[in-house]
Participant: 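Take this structure, written in structure tokens, and hold onto it; I'll ask about it next.
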There are 2 protein chains.
Amino acid sequence: MEKWLVGVDLGGTTIKIAFVTLDGHIVEKWEIPTNINEDGKHIVTDITESIHTKLNDLSEPKEKLEAIGMGAPGFIDMKTGFIYHAVNIGWRDYPLKEELEKATGLSVIVDNDANIAAIGEMWRGAGDGEGNLLMVTLGTGVGGGIIVNGHIMHGTNGMAGEIGHITAIPDGGAACNCGRTGCIETIASATGISRISKEKALKDSSSSLYSLLQENGEIKAKDVVAAAEKGDKVAIDTLDEVTFHLGLVIANLANSINPGKIVIGGGVSKAGHTLMERLEQKFKHFALPRVAEGAEMKVATLGNDAGVIGGAWLAKHNR
Amino acid sequence: MEKWLVGVDLGGTTIKIAFVTLDGHIVEKWEIPTNINEDGKHIVTDITESIHTKLNDLSEPKEKLEAIGMGAPGFIDMKTGFIYHAVNIGWRDYPLKEELEKATGLSVIVDNDANIAAIGEMWRGAGDGEGNLLMVTLGTGVGGGIIVNGHIMHGTNGMAGEIGHITAIPDGGAACNCGRTGCIETIASATGISRISKEKALKDSSSSLYSLLQENGEIKAKDVVAAAEKGDKVAIDTLDEVTFHLGLVIANLANSINPGKIVIGGGVSKAGHTLMERLEQKFKHFALPRVAEGAEMKVATLGNDAGVIGGAWLAKHNR
């Protein structure tokens, strides 16, 4: 019997689950809501029951499943699968690996959600099997994952890959959720792009973004991209500023870790070439020539599936 | 018979060689001049003969030696020990590993000189066995090595750890040897400190460094440190500026790779607490709290022995 791996990607609102073949193809994927009541105590039971129900639907025995690989937000001890603190979920000092193993009878491996997305892209996505990969996720925040020689880089206390809190503006930058100022997250996230475009639009009433701001009271990152494609100066200036800082941050990191692929994911990456051409140009300006040569920059291809596929990779490689 | 490892550290003017025990203690160390005549073709023979002579002196048989680990400057293919280009040595497309193995009859492993210093400090120096370590060498230039899970990080084409060419000043920085501008090497190297102090001293004739500049035509990095210790404002401003940029670069890198130790080596690190206190303060300002907590910053302890000890480590772990 060919076994399946189980990938689980835990988010603040939904839990994504998939059965994945040993070579990384999704057989079945689905979502359940994240029940954060009572400090997240129902989550493990919900996942377990959902997996069993799905097996029944597919008329497969429990033995079909090999192992579970799971991504979770927050501070995690990857070795023990212990969650120190996951703000959005309500877990504090929660032995996730132990609980999920007890409930499912399967071996479980847990890692950070940004890290499993990176390893998913390495395995089956834009990373194309490249073992030295930097993934940068541009969403509401800026996240990241670093793969070294085919393994997730964790660092000394699990903080490796926290790219969003690299300081891009040392003095006078915008306030960041982390309590500091000037982090790249305040610039290159959807929120950051929105903020910067708003500041610029308010100074230029000829911009289409100025009118949009008057109408809607806000400018979204995707509005900026759309306006830039139509040649709006404020939108273009915004993207130039954003990619200047992001390109510099990525180049500086690449000069140190020398990745073979740089994968840009998250909602903002859907901007496609309007963003990527600028970003690549800035990156090449600030990277050492040999580093730039070695690094192919690509948009992530797995979208929301990156996490469950990365989870499956973990399950496979830690059997 | 307890075997010895051979560590070799090739520099532009001298070759450092040592016999090292399996647990990393130097039994015997010596230097020979680097003969760069005829594109470095005599170097392998010189090393081989020097090792044999030393064995004879110590009345030890050739069988006493286990393997050779060697650090070399330039672009190296670490897997094959092939040197693409070592400017100071004269080698171009030189099969170092193959040649040295043929000459000595021992197995040879080759790595970048900055990397073997980092692994040496990890093994027997300030790194204290910490498997996630960042080494920053402040000398004529700024070099670096990154250790991840006890292994040297090489990256996709051997450029990992090229910390000196992280851009600290994106616009209007000083010219760097790499052809770009504003690299941290232009600021935090001995040369950089010298340059910055000179610029500042010329604007302040009350500074002791101004007088020194008039007398000697130059200010050395160690003069800046000495003057700062005596409270000279120009010297203090210089070190504040240097450590601001270096602290930011190291913090940004640490936010991504999350090292357990940060080891500062090279001639400039001899400035000791005058430099280190400032650097640590800036580092902590820009690092995420949990990253700063996890990272102990220390001055390198092995000095010129780091390379041969790191070479021995390589020889041991690649038998």
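The figures that follow rest on heavy atoms only: side chains count, while hydrogens, waters and symmetry mates do not. Just so it is clear: chains get the letters A, B, ... in the order the sequence lines come, proteins before strands, and each one is counted from 1.
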Participant: Could you tell me which non-hydrogen atom of Gly294(B) sits nearest to which non-hydrogen atom of Asn157(A), and how far apart they are?
Facilitator: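 The pair with the smallest heavy-atom distance is CA-ND2, 3.7 Å.
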Participant: Measure across Ile163(B) and Ser256(A) and return the closest heavy-atom pair with its distance rounded to 0.1 Å.
Facilitator: CG1-OG, 4.3 Å
Participant: For Arg290(B), is it the side chain, the backbone, both, or neither that has a heavy atom closer than 4.5 Å to a heavy atom of chain A?
Facilitator: both
Participant: If you tally heavy-atom pairs under 4.5 Å against chain B, which of Asn132(A), Val291(A), Asn252(A) wins?
Facilitator: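 Of the candidates given, the most pairs with chain B belong to Asn252(A).
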Participant: Could you tell me whether the side chain of Leu288(A) reaches within less than 4.5 Å of the side chain of Cys178(B), counting heavy atoms only?
Facilitator: yes
Participant: What part of Leu253(B) gets within 4.5 angstrom of chain A, counting heavy atoms only: side chain, backbone, both, or neither?
Facilitator: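 Side chain of Leu253(B) only, per the 4.5 Å heavy-atom cut-off to chain A.
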Participant: I'd like to know which of Glu293(A), Lys261(A), Arg180(A), Glu162(A) tops the heavy-atom pair count under 4.5 Å against chain B.
Facilitator: Arg180(A)
Participant: Side chain, backbone, both or neither: which part of Ala287(B) has a non-hydrogen atom closer than 4.5 Å to chain A?
Facilitator: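 When you check distances to chain A, only backbone atoms of Ala287(B) fall under 4.5 Å.
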Participant: Other residues, nucleotides and ligands only: do more than 12 of their heavy atoms fall within 6.0 Å of CG on Asp240(A)?
Facilitator: yes
Participant: Side chain, backbone, both or neither: which part of Pro170(B) has a heavy atom under 4.5 Å from chain A?
Facilitator: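 Contact with chain A: backbone and side chain both.
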Participant: Can you tell me how far apart CD1 (Ile184(B)) and CG (Asn255(A)) are? Round to the nearest 0.5 Å.
Facilitator: 12.5 Å
Participant: Sort Met153(B) into side chain, backbone, both or neither according to what part of it lies under 4.5 angstrom from a heavy atom of chain A.
Facilitator: side chain
Participant: Under 4.5 Å from any heavy atom of chain A, what part of Asn258(B) do you find: side chain, backbone, both or neither?
Facilitator: both
Participant: Taking atom CD1 of Ile257(A) and atom CD1 of Ile257(B), what is their separation to the nearest 0.5 Å?
Facilitator: 8.5 Å
Participant: If I measure from the heavy atoms of chain A, does His154(B) come under 4.5 Å with its side chain, its backbone, both, or neither?
Facilitator: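 The answer is the backbone of His154(B).
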Participant: Between OG1 of Thr156(A) and CG of Asn149(B), what distance do you get to the nearest 0.5 Å?
Facilitator: 9.5 Å
